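One structure is given here, and the rest of the page talks about it.
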Amino acid sequence: MCSSDSTFALLKSIDGTAPFSLFCNLVPSTIGGKLVARIDRLPFPEIPAMQSLTLVLLLACSSACLQAAELIVSTSAQLRNALQTAGTGDTILLQPGTYTGGLYRENLTGVTMRSVNPENRAIISGGNTNLQLSDAQDVTIEDLIFEDGVFNGLNLDDGGTFATPATNITIRNIVVRRAGNTGNEDGIKLSGVTGFTIDGVEVDDWGDGGSAIDMVGSHNGLIQNSWLHTSGGSSGIRPKGGSKNITIRANRIEMPIGKGRAIQAGGSTGSQYFRFIDGDSGYEANNILAEGNVVLGGNSAFSWVNIDGGRYHHNYVHRPGTWTMRILNENQGTGIIDTRNGQFHDNIVFYHDSPSEYNRAVNIGSETEPDTYQFARNQWYNEVMPSESTPDLPTSEIDGVYGVDPGVDPDQAISWTFAWGIWIVNATAEASTVLVDSPGDFLLASPGKTGVYHPSQATPFHGQWAFAPLTNGQVTLPAFSQIILARCDLPGICLSADFSADGLVNEDDLLLWKAGLGTAASASHPEGDADNDEDVDGNDFLQWQREIAPDSSTTSQAMAVPEPTTYPWAFLLLLSSLSRSFR
C-alpha cells in the first residue's frame, strides 16, 4: 500500500512546488525463501509540461502502489501460509508436486492461484474439501489438480449468508477427481456465488448422491468446454436453490447408461438454503440454458425440476438409459412453483429402444404442467427400429425429424448450422478437424473483452468481437473448444460497433463513442473501440457508420467528427489545458 508520505509527495507535485515523485513502501515477501514483491520509486524530472500529467498519474496511483506479488510455493506449509497472507493483486504459484488439502480461507480478494507449469500441474490432495473459499471476490483458480476430497473437491460459498455473496469467480483448466463417495458430495460446489465462469474443467467421479458441478443459489454463470465423467453420480450439472441466469455450453457429460441425471435445472433444496437475486422467490432455478452439449448415457439427459422455463437446444444426446428428459416436482406441498414452460428444440437424440434400455422420451411427474412445454425441430433416431422413432411428447412438436440417422460421431466435433453462420463444438478429449464448405462465405468470430454470444438469436454477437477471414476450408479444433464462423455478408450479423451491447447499432452507440473519443490506450468496447485496437478514434466511428441501422437519424452528426490525424493535436491541447488548470 502507498504510505501517507507518498500521498503527501504526490499532492505537493500537483501544486507545482516539488518535482513529481511516486514513493511506495517496499513490501518484501519471503514465501519459499524468495523475495517475491518489490515496489520501486518512480521519479520524474522537474519539467513543467510533466505537471499536466499528474492528474492521470494520480488516478493510476492505486494500481501502481498495489503492486502484485508472486507467492511461489513448493511445500504444503508454504501453500497454507500463502493462502492466508495473499492480498489483492497477488498470484499464488504452485511448483509441481503434491500438496495437502483441507485448505480454507475467508474473504480472499483479487487473487489468482495456479500452477507454475500448466503442463505439469500441481496436485492438492485430501482433506474433507480440497479447497474451500468463503466470501471470495475476484478470484481465479486455474491449472491445478484436486483429488481425493472426502466430501468435495472445490467449494466456493458465501459463508452462510447471501448478504455477502462470493463474486467474480473464474475456475479454468483444472481437474477434480475422486471427490466424495456415496453421499451428497460434489466435484465443484458453488453456494451463493454471483458471477462465475467455469471453463475447461474435468471432473472425474463424485459422490453417488452429488453432482460434478452443484450450484445452490448461484447466479450469472457460464459453464463451458468441460468434461464430466463418472462411474456413478447422481447428476452432472445441477443449478438449484434459487439459481438464475446460468448457461451450460459445449460440455461433454458421460454417465453409465441408466444411471444419473446429466443436466438438471432445479432440485429439492431445504428452505433455509435458498438464495435469490433481483427480489425473486418461489423457484428452484430460473433462466437456465443448455446448448451445444454432448450427453452420453445417464438415466436421463435433461431434467426440469420446479423451474418456470429453462431451454435446452442444439445438444447431442447419445443413448439415454431410460428417458431423454424428465419434468418433475420435488417440492410438492410447498410454495415453490410447479414445473412449467420448458423449451426443447433443435436437439439430436440418438437412442436404443430395447427391453433393457430406454423407456420413453419424457417422464412426467405429478403436480407439473407438461402442456406448457414447447418442442421444435428436434431430430429423433431409434437405432433399434428407425421407423418407430417418433416420440410421445406432451405437446405437438413443430417440424420434428424422425427415423433419419443423424450420422453424428460424438467423438468428433459437431457442426451446428444457423442462418447467421456455423457453430462448431469439439466436446471431445482430442483435437478434431472439420471441413467447411465455401469457406469464403464465413469469417472467424472471436470475442473481445465484452463479447457475449447467443447462438440461438438472429443476431448472436453482442459486445466486442473481431472477425478474420478463414485461410482455408479445413478447421482444426483443440480438445474441448469451439469455433464460430459468421456470415458477415448478411446485414446486422457482425455488429462490432454495438457498444451498448443491445443488438443494434444506433445513436446510443454514437454517444458512447463520442464520450470515449481520444482514449489512446486500454480502451474497452463499451468506450467506443470497435476495431479491437484499444483506442477510440475515427476508425471506430467509420465502423459505426458502416453498421448504423438504416432507420437511424443520427448519420448527420458525422460532420462534427474530427479526422483521426487531428487527435495528437487535440491531446496536446488537452495537456496544455490541464497544465494551466493546476497552476
Side-chain angles (χ1 to χ4, degrees), residues 108 111-115 118 121 124 129-133 136-147 149 152-158 165-177 179-180 185-206 210-230 233 235-241 243-254 262-265 285 287-295 315 425-427 429 447 451-453 478-482:
L108 187 68
V111 171
T112 294
M113 182 176 175
R114 61 180 174 86
S115 291
R121 289 178 285 188
I124 298 176
T129 294
N130 298 140
L131 172 64
Q132 180 177 356
L133 301 177
Q137 297 185 43
D138 304 316
V139 167
T140 297
I141 302 168
E142 60 186 352
D143 302 328
L144 293 166
I145 296 174
F146 298 89
E147 67 178 20
N152 304 304
L154 188 59
N155 187 342
L156 291 109
D157 60 59
D158 56 12
T167 58
N168 195 20
I169 304 299
T170 299
I171 302 170
R172 182 169 46 228
N173 192 30
I174 72 166
V175 173
V176 181
R177 58 196 183 199
E185 297 153 358
D186 309 311
I188 299 173
K189 186 176 186 65
L190 307 179
S191 301
V193 179
T194 296
F196 64 90
T197 299
I198 297 175
D199 190 0
V201 164
E202 179 183 356
V203 183
D204 178 10
D205 273 338
W206 54 91
S211 306
I213 303 174
D214 184 76
M215 291 152 280
V216 179
S218 294
H219 318 94
N220 305 335
L222 171 64
I223 302 169
Q224 68 174 357
N225 302 327
S226 294
W227 184 19
L228 318 176
H229 52 102
T230 181
S235 57
I237 299 175
R238 179 168 53 181
K240 61 183 188 296
S243 292
K244 183 177 181 179
N245 300 337
I246 295 170
T247 297
I248 303 164
R249 175 182 295 161
N251 304 287
R252 183 183 185 90
I253 304 173
E254 298 182 65
I263 296 176
Q264 174 172 310
N287 196 24
I288 308 300
L289 181 64
E291 55 191 18
N293 301 284
V294 172
V295 178
N315 302 282
V425 176
N426 184 25
V452 177
Y453 174 54
F480 296 105
S481 66
Q482 309 165 53

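This structure is a prediction, so every number in the text was calculated from the model and none was measured. Starting from 1, each residue takes its place in the sequence as its number.
Taking the salt bridge (Lys or Arg N to Asp or Glu O under 4.0 Å) definition, one finds that R177 meets it with E147, sequence neighbours left out. Listed by chain and residue number, R249 satisfy the salt bridge (Lys or Arg N to Asp or Glu O under 4.0 Å) test with E291 (two or more places apart in sequence, or in another chain). In this view, D143 satisfies the salt bridge (Lys or Arg N to Asp or Glu O under 4.0 Å) rule with no residue, not counting sequence neighbours. Listed by chain and number, the residues in a side chain to side chain donor-acceptor pair (under 3.5 Å) with D157 are Q132, S134 (sequence neighbours excluded). Applying the salt bridge (Lys or Arg N to Asp or Glu O under 4.0 Å) rule to R172 yields the partners E142; only residues at least two apart in sequence or on another chain are considered. Looking at residues two or more places apart in sequence or on another chain, you find a side-chain contact (heavy atoms from CB on, under 4.5 Å) between A429 and W227, F480. In this structure N251 satisfies the side chain to side chain donor-acceptor pair (under 3.5 Å) test together with N293, sequence neighbours excluded. Under the side chain to side chain donor-acceptor pair (under 3.5 Å) criterion, D138 pairs with N168, not counting sequence neighbours. With sequence neighbours left out, A179 forms a side-chain contact (heavy atoms from CB on, under 4.5 Å) with V176. For the side-chain contact (heavy atoms from CB on, under 4.5 Å) test, residues two or more places apart in sequence or in another chain that qualify with N426 are A413, T428, S432, L477, S481. Residues satisfying the side chain to side chain donor-acceptor pair (under 3.5 Å) test with Q224, not counting sequence neighbours, are D199, Q482.
Between the N315 side chain and the A290 main chain, a donor and an acceptor come within less than 3.5 Å of each other.
Taken from CG in L228 to CG in D205, the straight-line distance is 11.5 Å, to the nearest 0.5 Å. Atoms CD1 and NZ, on I288 and K244 in that order, are 10.0 Å from each other to the nearest 0.5 Å. With rounding to the nearest 0.5 angstrom, the CD1 atom of I171 is 11.0 Å from the CG atom of L144. Atoms CZ and CD1, on R238 and I263 in that order, are 13.0 Å from each other to the nearest 0.5 Å. The CG atom of D204 lies 7.5 Å from the OG1 atom of T230; values are rounded to the nearest 0.5 Å. We find the OG1-CG distance between T167 and D158 to be 11.0 Å, quoted to the nearest 0.5 Å.
The shortest heavy-atom contact between Q264 and P239 is O-CD, 3.0 Å. Closest approach of A265 and A285 over heavy atoms only: C-CB, 4.1 Å. In plain terms, the two heavy atoms of A250 and A427 that are nearest each other are O-CB, 4.2 Å.
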Problem set entry | Residue pair L131, I141: steps toward the side-chain contact (heavy atoms from CB on, under 4.5 Å) verdict | CA-CA 10 Å; L131 172 64; I141 302 168; 4.0 Å; yes
Problem set entry | Chi angles and distances behind the side chain to side chain donor-acceptor pair (under 3.5 Å) call for R121, N173 | CA-CA 10 Å; R121 289 178 285 188; N173 192 30; 3.3 Å; yes
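V216 places a side-chain heavy atom less than 4.5 Å from the side chain of K240. No side-chain heavy atom of M113 sits less than 4.5 Å from a side-chain heavy atom of L108. Side-chain contact between I248 and I213 is absent, with no heavy atoms from C-beta onward closer than 4.5 Å.
When each of I124, N130, I174 is paired with L154, the side-chain contact (heavy atoms from CB on, under 4.5 Å) condition holds for I174 and for no other.
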For a quick test of your reading: what N or O donor-acceptor pairs under 3.5 Å do the side chains of residues 187-198 make, sequence neighbours left out?
residue	atom	partner	partner atom	Å
K189	NZ	D186	OD2	3.4
K189	NZ	D214	OD2	3.2
T194	OG1	H219	ND1	3.4

